[in-house]
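Data first, discussion second: the structure below is written as structure tokens.
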Amino acid sequence: MLNNRIGLIAVTALAPAIWGTTYLVTTEFLPPDRPLLAATVRALPAGLLLLAITRRLPSGSWWWRAAVLGTLNIGAFLALLFVAAYRLPGGIAATVGALQPLLVAGFSAGLLGQRMSARTVVAALAAILGVGLLVLKAEAQLDAIGLAAAVGSAVVMAAGVVLSKRWTSPAPVLATTGWQLIAGGIVLIPVTLLVEGPPPAELSTSNLLGYAYLSIIGAAFAYALWFRGIRELPPTQVTFLGQLSPVVATMLGWLALGQELTVLQAIGALIVLAALIVAQTRKAAPLEDHSVRSSGQRRQPGDGGGALAGALGHRSHA
């Protein structure tokens, strides 16, 4: 059981690690200044692909639940995140995003009846400190709208994570992932057209390869791993793994783009990793099976595993 849990955590961690590659892919392969287009192209085609694979539509209450979860986890989250990214230095946006474990712990206490332990709070504060050291620049300046958007993105994502745990679908995880990606993509379409206008008339081969990577690997694959982790693990533990995204993004910037890596950044990365380990090694209290509440029957072990087992951010999660 312990080995299975460690394996599940490790595979779940692949998702935010993959999201940590988004900055590199965006800057090196995609058209400049089209972040919302990237988010839309990332979400909607991935959702349609998973729908084609699973050939399963929502039923009953899952029509509106999938719309709510897709809006929170993908559509509203990415829209608010990009507002924050445009109006704030990336370091501030990432540091505010590191509030997610605390927010998830608070929502879990209210919606799932989980106790917020002192250990969780200390680990979450350490993660915020670590992310701040990793990405925050001394010359960073605040913007009220950008700060509100950053906080809003953290809140909606935290709410989406907890509701994904509370509303456990009887359908396979690939199917529910596809529903959410489609819902999130539909939410993003009008926002993208309003803010950025229509897509470019011409796209290069590198542009198409970048979009394909973000959609297939960064969305279809990574979100399936993330949502399966949420099904099987306490949501607070899962959301701590999201702090891997800024760590991976910083490391890739150093290794692939020649960006400077300071001693403080290295210390910040070590603090983040230590907080993740502390959060994952705490003794987890037994959880109520919320699939009973959602579907009226107990979910059998293995339901929703699908062909993609495993592990989804932050900041580079966009």
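We use all heavy atoms of the structure for the numbers below, so side chains are in, but hydrogens, waters and symmetry mates are not.
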> Where do L78 and L188 land on the side chain to side chain contact (heavy atoms under 4.5 Å, CB included) test, with the steps shown first?
Replying inline: CA-CA 8 Å; L78 291 177; L188 284 167; 4.1 Å; yes
>> Give me the atom names and distance for the closest heavy-atom approach of P101 to A124.
In response: CB-CB, 4.1 Å
> Does I277 belong to the same Ile/Leu/Val/Met/Phe/Trp/Tyr cluster as V122, with side-chain heavy atoms less than 4.5 Å apart forming each link?
Replying inline: no
>> Side-chain heavy atoms nearer than 4.5 Å, only ILVMFWY residues, links allowed to pass through others: does that put V187 and L163 together?
In response: no
> Residues two or more places apart in sequence or in another chain: which of them pass side chain to side chain donor-acceptor pair (under 3.5 Å) with T40?
Replying inline: T192
> Should V278 and R119 count as side-chain neighbours, where that means a heavy-atom distance under 4.5 Å?
Replying inline: yes
>> Donor-acceptor pair, distance only, cut-off 3.5 Å: does the side chain of N73 make one with the backbone of Q180?
In response: no
> Given side chains that start at C-beta, do those of L233 and R5 come closer than 4.5 Å, heavy atoms only?
Replying inline: yes
> Any donor and acceptor pair, going by atom type alone, linking the side chain of W179 with main-chain N or O of W62 inside 3.5 Å?
Replying inline: no
> Do T176 side-chain atoms and S169 backbone N/O form a donor-acceptor pair below 3.5 Å?
Replying inline: no
> Would a distance-only check, ignoring hydrogens and angles, find a side-chain to backbone donor-acceptor pair under 3.5 Å from Q243 to V131?
Replying inline: no
>> Same cluster or not: W226 versus L112, using hydrophobic residues (I, L, V, M, F, W, Y) connected whenever any side-chain heavy atoms lie under 4.5 Å apart?
In response: yes
> Just wondering, do F221 and I216 contact through their side chains at under 4.5 Å, heavy atoms?
Replying inline: no
> Given the rule in the side chain to side chain contact (heavy atoms under 4.5 Å, CB included) test, do M251 and L261 qualify, once you have shown the distances and angles that lead to the verdict?
Replying inline: CA-CA 8 Å; M251 294 299 107; L261 181 65; 3.8 Å; yes
>> How close do P200 and L37 get, counting heavy atoms only, and between which atoms?
In response: CD-CD2, 3.6 Å
> Between the main-chain N or O of A76 and the side-chain N or O of T71, is there a donor-acceptor pair closer than 3.5 Å?
Replying inline: no
> Rounded to the nearest 0.5 Å, how far apart are CG of L241 and CD of Q100?
Replying inline: 12.0 Å
> Does atom OH of Y211 have more than 12 heavy-atom neighbours from other groups under 6.0 Å away?
Replying inline: yes
> Considering only heavy atoms from C-beta outward, does the side chain of F29 approach that of N207 to under 4.5 Å?
Replying inline: no
> Within a strict 4.5 Å, meaning less than it, do heavy atoms of the L8 and R228 side chains meet?
Replying inline: yes
> Shortest non-hydrogen contact from V156 to L72?
Replying inline: O-CB, 3.6 Å
> Between T250 and Q259, is a side chain to side chain contact (heavy atoms under 4.5 Å, CB included) present by the stated rule, with each step listed?
Replying inline: CA-CA 8 Å; T250 301; Q259 296 174 351; over 6 Å; no
> Do V238 and E232 touch side chain to side chain, with heavy atoms closer than 4.5 Å?
Replying inline: no
>> Strictly by salt bridge (charged side-chain N to carboxylate O under 4.0 Å, His left out), give each pair with a member in residues 190-205 just once, sequence neighbours left out.
In response: R34-E196
> Can you name the nearest heavy-atom pair linking T177 to A220, along with the distance?
Replying inline: CG2-O, 4.5 Å
>> Using 0.5 Å steps for rounding, measure from the CD atom of E28 to the CG atom of L252.
In response: 11.0 Å
> Roughly how far apart are F107 CZ and T239 OG1, rounded to 0.5 Å?
Replying inline: 11.0 Å
> If you group Ile, Leu, Val, Met, Phe, Trp and Tyr by side-chain heavy-atom gaps below 4.5 Å, do V83 and I74 land in one group?
Replying inline: no
> Under the 3.5 angstrom rule, does the side chain of K165 hit a backbone N or O of S108 as a donor-acceptor pair?
Replying inline: no
> If only atom types and distance count, is the side chain of Q265 paired as donor or acceptor with the main-chain N or O of L134 below 3.5 Å?
Replying inline: yes
>> Any heavy-atom pair between the side chains of L30 and L214 that's under 4.5 Å?
In response: yes
>> Whether the side chain of T21 engages the backbone of I18 through a donor-acceptor N/O pair (distance < 3.5 Å, no angle test) should be reported.
In response: yes
>> For G130 versus V272, what's the shortest heavy-atom pair and its separation?
In response: C-CG2, 3.5 Å
> Is it true that L48 and I189 fall in one hydrophobic cluster, defined by side-chain heavy atoms closer than 4.5 Å?
Replying inline: yes
>> Running the 4.5 Å side-chain criterion over Ile, Leu, Val, Met, Phe, Trp and Tyr, what cluster does L129 land in, apart from itself?
In response: L133, V263, L264, I267, I271
> Yes or no on side chain to side chain contact (heavy atoms under 4.5 Å, CB included) for I230 and V162, after CA distance, side-chain angles and deciding distance?
Replying inline: CA-CA 8 Å; I230 291 173; V162 175; over 6 Å; no
> How close do A224 and V173 get, heavy atom to heavy atom, and via which atoms?
Replying inline: O-CG2, 3.9 Å
> Do L51 and L57 have side chains that get closer than 4.5 Å, going by heavy atoms?
Replying inline: yes
